[in-house]
Amino acid sequence: MFQENPYPPCWQCRREVTGHFCDACGAVQPLLGDSFRLLGLDARLQIDVLRLEETFHALSRRFHPDFYQQKSAQEQAISLENAATLNAAYRTLKDPDRRMAYLIHLVAGGAVEEKTAVPTAFLDEILDVEEALAVLRASPDDGVARSTLRAAQAVFTSRTNEVNQALAALSAAWDDQIANDGPVRVDWTPVQRAWVARMKAAREQRAYLDRVLSGIASALGA
Amino acid sequence: MDNVVVGIDLGTTHSLVAHMDRGVPRVIADAEGRTMVPSVVAIDAGTIRVGEAARRHAILHADRTIHSIKRFMGKSLADVQAERTFMPFRLSGDAVVQIAVEDAVYTPSEISALILKALKGQAESALGQPVTQAVITVPAYFNDAQRQATKDAGRIAGLSVLRIVNEPTAAALAYGLQKKKEGVIAIYDLGGGTFDISILKIKNGVFEVLSTNGNTRLGGDDMDRRLMEWAQGEMAQILGAEGARDPVVFQWLRREAEAAKCRLSTDEETEFVWVYGDIQGRRKIRRVEFEARIVDLVDLTLDACRAALSDAHLTPAQIDEVILVGGSTRIPLVQRKVAGLFGKAPRCELNPDEVVALGAAIQAHILAGGMRDLLLLDVTPLSLGIETMGGVVSRLIARNTTLPAQAKETFTTFVDGQQSVSIHVVQGERELVQDCRSLAHFHLTGITPMPAGFARIEVTFLLDANGILNVTAKETRSGQAQSVEVKPAYGLSDAQIAAMISASAQHAHADMRERMRIEAANEADLLLRHAKTGLAEGGTLLDAEEREEIARAIAALTALTAHGDHEAIQEASGRLDRATRHLAEVLMNRALESALRNLRQSDG
């Protein structure tokens, strides 16, 4: 299938470019595209970490400013920017959690940082927890409040485990359909968007649960 | 001749310069064969002495000799209050501390520049060619201001600083190159004034730093101070508090404490000697007593090691090797404690004093284009953030992020027609601005007047491979670059540095005068010796008045050789030369006559 060349012409000699360096004048070009593509990976959540590292090292050898010290100021500036882009991509993809957050950002847009969302199924428990936390702040030895928190701790911990399991299942399903459909990156299908929306919702719930659990732990510990 | 880039280890107590010699890094020695230059500068009557000469000078002129200037790099006056007792100088300045010596004030960058200049000269003499480019090492835990101050020192010394490299990483480079090792290594670097721990992964020639931690105010100097404080307490009982604080006593103590510490690395017990006028004291100290006085300092380094391990998501058992760097790692207690934490004996087969300079030379060689098989990927030791509402820090780049690293943020205006936006950048790990270190205020100016919230200014915060921040901005709608004014919280402006470079040229003038003085004094010595022997040989052939004039000229010149400037010495030399001209003729004639007599005798 015909693919449009994504690269703009060379910034130096204005000729056609097909990769990271100009075929005609050899000048380094600004990096394009998402982190997965940059590091030669399909947009999957299970990746070969050793291969990722090898690719990162190989690309670092091509773009690191150390090797541009004797080049022109423009090439130095591009190499600096490219190395920073490459470092950020590697940092994102080597960590499973950041990798998933980045995939969600890629498919659904929005910021990479996560919001928190209250799991609606647990509104009652959450209100009880808030009340118990307030009681403990005033009288740290209140037995009723402490036992309420311990019960909530157990419920929320098991809920967190459920969310993690759901996320693992979503990840596996995502990777399967990527393998089936091939690496589609620009035009995500409605099904793909739906998968990612569910991942996003699950992560927002987990972020909320994490925050509540750490609040409970510190209140009980004190 | 090939352009040479040297590697410089600008240390708290000692500095070294190294270069790459046919693929092998080597430290460069001075004319006497010494490689370690004491980081000491003496400024006395306009004469600047650096290194060993300054150290000798320190004994009698403590008030004109500066030690450990590295501790002051990138610091404000307020920052260095705790160091005051160990720096017997009047301190002034504001955002940049200044040190008053005699009638002049110097910034730490200028003092460091004098050390760098001495190293530059040492390299130029040894290599027989000008040296204008260098890689300089700094503690990994140095912040932006401290790195910038080091770069400024290089510029003032006439060196183009191609890269600021972290000391432990440089050591890893030297170690990795020589031992051809791969795996995860920890570099424990305890120097004269700073401590760093860096954890690296070496694979296929790529040296990737996983995490770093440290303390820029913890080193062998602090251990010397513990010994000094102890000795000062004892001396105060004998000399009184005043005597114990005398600068001469202070310098004695500094040297004795350092020497005693070093001896205690091999001996179980040593003697600490001090002299004050006619009073002399000596006191035995055992290694265990010394260890008890420094164990808390060593424990602080272990805390930093644990933090670095945690940031790298590693356990001590996952570290393949622990490498010791820095002179203070010769202390047996340090070696024991490090072995205890990591569960393995640390390695110290490379000279811990030289390994950093050697690594700097390797990095210099890479930057000069001489080597492509090694690549160093270092990290930023401190998080970078900006101030947001309520004095809270919004983090842009986390600590231990691989360099170069960048973050982009979009800013807008809050008021209709607003034409400038101010951004406060801080460095540190705390949540509130007041607990972090202010790096700089950036002012985006010349924004086209628009309704509030309309402007879209994308600001790029880029930490370069030196760990130094560069900020650029552009208006995203127009794509126009936005002008950014920087007001560094610490550090020097370009104009200040330019002024210092020209002041440094004046120092060069002072250096030149000193050399001319020495040359004139040497010539005067020769002249004096000739005049004295001439007078002894032929004095009787002159009349009394001539003899007296020569004696007066000898006395005048003798008085000047030690301290006079070169003009005065030359003038007095001229006088002696004129006074002895007749004597010289008389002696010459006599020699001629006797030669002729001898000839006639042999003819006859």
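The model shown is predicted, which means the values in this text are computed figures rather than measured ones.
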Chain B contact via [X] - side chain, backbone, both or neither, heavy atoms under 4.5 Å:
| X | answer |
| --- | --- |
| A:Ala83 | both |
| A:Tyr90 | side chain |
| A:Arg91 | side chain |

Please look at [X] and chain A and tell me whether the side chain, the backbone, both or neither of the residue comes under 4.5 angstrom of a heavy atom of that chain.
| X | answer |
| --- | --- |
| B:Leu462 | side chain |
| B:Leu463 | neither |
| B:Thr401 | both |
| B:Asn400 | backbone |

Quick test of your reading of the model: are A:Glu54 and A:Arg51 salt-bridged, counting only N-O distances below 4.0 Å? no
Quick one: do A:Asp23 and A:Arg15 make a salt bridge, cutoff under 4.0 Å? no
Side-chain donor-acceptor pair under 3.5 Å between B:Gln318 and B:Thr315, yes or no? yes
Name the orientation class of the two ring planes belonging to A:Phe21 and A:Phe63 (parallel below 30°, tilted from 30 to 60°, perpendicular beyond 60°). parallel
Select, from A:His64, A:Arg61, A:Gln70, A:Glu81, the one with the greatest count of heavy-atom pairs under 4.5 Å involving chain B. A:Arg61
Mind running side-chain hydrogen bond (donor to acceptor under 3.5 Å, both in side chains) on B:Gln363 and A:Asp66 for me, showing each step along the way? CA-CA 9 Å; B:Gln363 183 64 28; A:Asp66 276 12; 2.8 Å; yes
In B:Ile386, B:Val471, B:Leu469, the residue satisfying side-chain contact (heavy atoms from CB on, under 4.5 Å) with B:Leu439 is B:Leu469
